[in-house]
Engineer: 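Provided herewith is a single structure, encoded as structure tokens, for subsequent inquiry.
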Amino acid sequence: QVQLVESGGGLVQAGGSLRLSCAASGRTFIIHPVGWFRQAPGKEREFVAGASWSGPNTAYADSVKGRFAISRDNAKNAVYLQMNGLKLEDTAVYFCAVGRSGFGTYYVPVGVYEYDYWGQGTQVTVSS
């Protein structure tokens with residue numbers, strides 16, 4: 001089992017920045033891909049960013065490319081999401097997730113069904 005706890009959410013003005021953190025415990029996720037998803041009211045949970053278990057490969061939703069950056073620190077069992085140039089449409093609950101093991105070294109899963117462990121979420125609200 002992996003327990004995930006997100007932090008770093010909050011209220012920010014459009015154009016501002018936030019850095020989300022996700023701390024994992026229970027077992028190491030060094031061989032698992034990791035990802036960030038978000039869910040706005042009335043909408044389905046959507047992929048935001050992900051990183052392969054080996055680290056070097058990342059993937060981003062088109063809506064956040066060039067503005068968000070995912071990183072992982074396997075030594076600390078932590079995942080981060082740096083969010084710059086925030087827009088009103090980025091407002092959502094953000095979830096950290098750990099994918100199942102067994103994926104290829106450089107594979108970055110983007111589907112909700114490809115992740116086995118989820119945090120409780122942290123609210124990000126962007127105001128005008």
Engineer: Could you give the distance from CD1 (Ile70) to SG (Cys22), rounded to the nearest 0.5 Å?
Structural biologist: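 Reported to 0.5 Å precision, the distance equals 9.5 Å.
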
Engineer: Hey, does the side chain of Tyr115 reach the backbone of Trp36 with a donor-acceptor pair shorter than 3.5 angstrom?
Structural biologist: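 Side chain of Tyr115 to backbone of Trp36, a donor-acceptor pair under 3.5 Å: no, none is there.
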
Engineer: Quick one: CZ on Phe68 to CE on Met83, what's the gap to the nearest 0.5 Å?
Structural biologist: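 Here the rounded value is 5.0 Å.
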
Engineer: Spell out, yes or no, whether Val34 and Val112 are grouped together once hydrophobic residues are joined by side-chain heavy atoms under 4.5 Å, including indirect joins.
Structural biologist: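 No; tracing contacts between hydrophobic side chains, which count when under 4.5 Å, never links both residues.
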
Engineer: Verify the neighbour count for atom CD of Gln13: are there more than 12 heavy atoms of other residues, nucleotides or ligands below 6.0 Å?
Structural biologist: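 No.
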
Engineer: If two hydrophobic side chains count as joined below 4.5 Å and joins carry through other members, does Tyr113 share a cluster with Leu4?
Structural biologist: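 Per the 4.5 Å side-chain linkage, Tyr113 and Leu4 are not co-clustered.
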
Engineer: Are Leu81 and Tyr117 linked, directly or through intermediate hydrophobic residues, by side-chain heavy-atom contacts shorter than 4.5 Å (ILVMFWY only)?
Structural biologist: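 Yes, Tyr117 connects to Leu81 through the hydrophobic network.
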
Engineer: Distance check, rounded to the nearest 0.5 Å: Gln82 atom CD versus Arg67 atom CZ?
Structural biologist: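 With rounding to 0.5 Å, CD (Gln82) is 12.0 Å from CZ (Arg67).
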
Engineer: Looking only at non-hydrogen atoms, find the nearest pair between Ser17 and Asn84 and report the distance.
Structural biologist: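 Taking Ser17 first and Asn84 second, the nearest heavy atoms are OG-OD1, 2.9 Å.
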
Engineer: Rounded to the nearest 0.5 Å, how far does CD of Gln39 lie from CZ of Phe95?
Structural biologist: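 Between Phe95 CZ and Gln39 CD, I get 5.5 Å after rounding to 0.5 Å.
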
Engineer: Would you call Leu86 and Leu18 a side-chain contact if the rule is heavy atoms closer than 4.5 Å?
Structural biologist: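 Yes, side chains in contact.
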
Engineer: Walk me through it: do Leu20 and Val124 pass the test side chain to side chain contact (heavy atoms under 4.5 Å, CB included)?
Structural biologist: CA-CA 9 Å; Leu20 304 183; Val124 172; 4.1 Å; yes

Engineer: What's the separation between atom OG in Ser127 and atom CG in Leu11, rounded to the nearest 0.5 Å?
Structural biologist: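 Ser127 atom OG to Leu11 atom CG measures 4.5 Å (nearest 0.5 Å).
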
Engineer: Are Tyr107 and Asn57 close enough, and set up right, to give a side chain to side chain contact (heavy atoms under 4.5 Å, CB included), and what steps lead you there?
Structural biologist: CA-CA 7 Å; Tyr107 179 69; Asn57 267 26; over 6 Å; no

Engineer: Kindly indicate whether a cation-pi arrangement holds for Arg72 with Tyr80, taking the cut-offs as under 6.0 Å to the six-membered ring centre and within 45° of the axis.
Structural biologist: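 Because its charged atom misses either the 6.0 Å distance or the 45° angle limit, Arg72 does not stack over Tyr80.
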
Engineer: Under 3.5 Å, side chain of His32 to main-chain N/O of Val98, donor-acceptor pair present?
Structural biologist: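 Absent.
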
Engineer: Quick one: OG on Ser25 to CG on Asn77, what's the gap to the nearest 0.5 Å?
Structural biologist: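 Here the rounded value is 8.0 Å.
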
Engineer: Can any side-chain N or O of Glu6 pair as donor or acceptor with the backbone N or O of Cys96 at less than 3.5 Å?
Structural biologist: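 Confirmed, Glu6 side chain pairs with Cys96 backbone.
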
Engineer: For this output row, return yes or no: ring centroids of Phe37 and Trp118 closer than 6.0 angstrom.
Structural biologist: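 Ring centres of Trp118 and Phe37 closer than 6.0 Å.
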
Engineer: Are any side-chain N or O atoms of Thr91 and backbone N or O atoms of Val126, one a donor and one an acceptor, separated by less than 3.5 Å?
Structural biologist: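 Between the backbone of Val126 and the side chain of Thr91 there is a qualifying donor-acceptor contact (under 3.5 Å).
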
Engineer: Compare every heavy atom of Phe47 with every heavy atom of Val110, then report the nearest pair and how far apart it is.
Structural biologist: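 The pair with the smallest heavy-atom distance is O-CB, 3.3 Å.
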
Engineer: May I have the step-by-step check of side chain to side chain contact (heavy atoms under 4.5 Å, CB included) for Asn74 and Trp53, ending in yes or no?
Structural biologist: CA-CA 9 Å; Asn74 288 337; Trp53 71 261; over 6 Å; no

Engineer: If you define the side chain from C-beta out and look only at heavy atoms, does anything of Phe103 sit under 4.5 Å from Pro109?
Structural biologist: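 Side chain of Phe103 against side chain of Pro109, heavy atoms only: contact under 4.5 Å found.
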
Engineer: Can a salt bridge be assigned to the pair Glu46 and Arg38 using a cut-off of 4.0 Å between side-chain N and carboxylate O?
Structural biologist: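 Yes, charged N to carboxylate O under 4.0 Å.
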
Engineer: With the threshold set at 4.0 Å, does a side-chain nitrogen-carboxylate oxygen contact exist between Lys87 and Asp90?
Structural biologist: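 Judged by the 4.0 Å cut-off on N to carboxylate O distance, Lys87 and Asp90 do not form a salt bridge.
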
